[in-house]
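Before any comments, here is the structure.
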Amino acid sequence: MLRVEGLEVSYGHIKALKGVSLEVPEGKLFVLLGRNGAGKSTLLLSLVGLIKPAAGRIFLNGEEISKLPPWQRVKRGLVLVPEGRRIFPSLTVKENLELGAFSAPKGAASRLEEVLEIFPALKERLLFPAGALSGGEQQMLALARALMSNPKVMLLDEPSMGLAPKVVGEIYRILEKLKGGLTIFLVEQNVNRALSLADRVLLLESGRLSASWHREEVDLKLLEAAYLGEEK
Ligand SMILES: Nc1ncnc2c1ncn2[C@@H]1O[C@H](COP(=O)(O)OP(=O)(O)OP(=O)(O)O)[C@@H](O)[C@H]1O
Ligand SMILES: [Mg+2]
């Protein structure tokens, strides 16, 4: 379970998050929607400790993790699949995956086997440099690397960005399989994809959560206005 209380982040004079509170219950998949610049990536980066908030607290399974460095958060089961994938192109696929297991090196070999079961295409390319993979395969690698840390809560920042619909479909099929066993917090721009999978949909507007809906009750009109409306 992931809980956030009153998170505030500023970049100099720009207030990117203005008091965000939310709770993702165990085993649920929540989707965070919001237009460009709403603060979605800032929220995810703050959760994993890569940005220091000005205020607010973060809890993972009841334990406060707000003051912990990023690697300690990974060790406790919180992992981010970052925007733009951030794989190491000159390292092999296998080396990239092994890096994902830095927080739990003991079980890494068996974990690798398990993760490769989920991503058979990576199994065939283990010794390729990661930079030689297609965009879709690189996204799979980023996901697989995150799973190597044996997370309890996985955050994903726009995993379908720039990918062909067929590949996006594959990624969503994998997320559907992972759902339940993992708590997932997914940032997505594609509303239809998000709605296909989400237990709950949150809307972030100019650094504030402005709506939280069950999948069945999403207000598409309001959502459309949030995407197309004037900048606040
Ligand atoms: N390193 C930074 N320095 C200064 N301002 C930043 C920095 N990173 C983000 N911002 C600003 O903070 C706000 C939130 O940015 P953020 O990247 O979190 O938005 P986002 O919702 O992830 O957008 P996108 O959909 O484009 O990925 C924006 O106004 C952005 O310009
Ligand atoms: Mg972003």
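We count ligands from 1, going down the list as the structure has it; atoms in each ligand are counted the same way. Note that the numbering runs from 1 along the sequence shown for the chain.
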request  = Kindly state each residue pair satisfying salt bridge (Lys or Arg N to Asp or Glu O under 4.0 Å) with at least one member in residues 126-143, sequence neighbours excluded.
outcome  = Arg125-Glu137

key: Atom-level proximity to ligand 1, residues with heavy atom under 4.0 Å   = Tyr11, Ala16, Arg35, Asn36, Gly37, Ala38, Gly39, Lys40, Ser41, Thr42, Glu83, Glu158, Gln189

request  = Verify the distance criterion only: is there a donor paired with an acceptor across the side chains of Ser41 and Glu83 at less than 3.5 Å?
outcome  = yes

Between Arg85 and Gln138: side-chain donor-acceptor atoms closer than 3.5 Å = no

note = side chain to side chain donor-acceptor pair (under 3.5 Å) pairs touching residues 55-69, sequence neighbours excluded, are Arg57-Glu64, Glu63-Arg76, Glu64-Ser66

ask   = Is the distance from the Mg ion (ligand 2) to some N, O or S atom of Ser41 under 2.8 Å?
value = yes

ask   = How long is the span from the CG atom in Leu223 to the CG atom in Leu195, to the nearest 0.5 Å?
value = 7.5 Å

Between side-chain atoms of residues 159-172 and protein atoms elsewhere (two or more places apart, or another chain), which donor-acceptor pairs fall under 3.5 Å?
unit_1: Ser160; atom_1: OG; unit_2: Glu188; atom_2: OE1; d: 3.1
unit_1: Ser160; atom_1: OG; unit_2: Glu188; atom_2: OE2; d: 3.0
unit_1: Tyr172; atom_1: OH; unit_2: Glu188; atom_2: OE2; d: 2.4

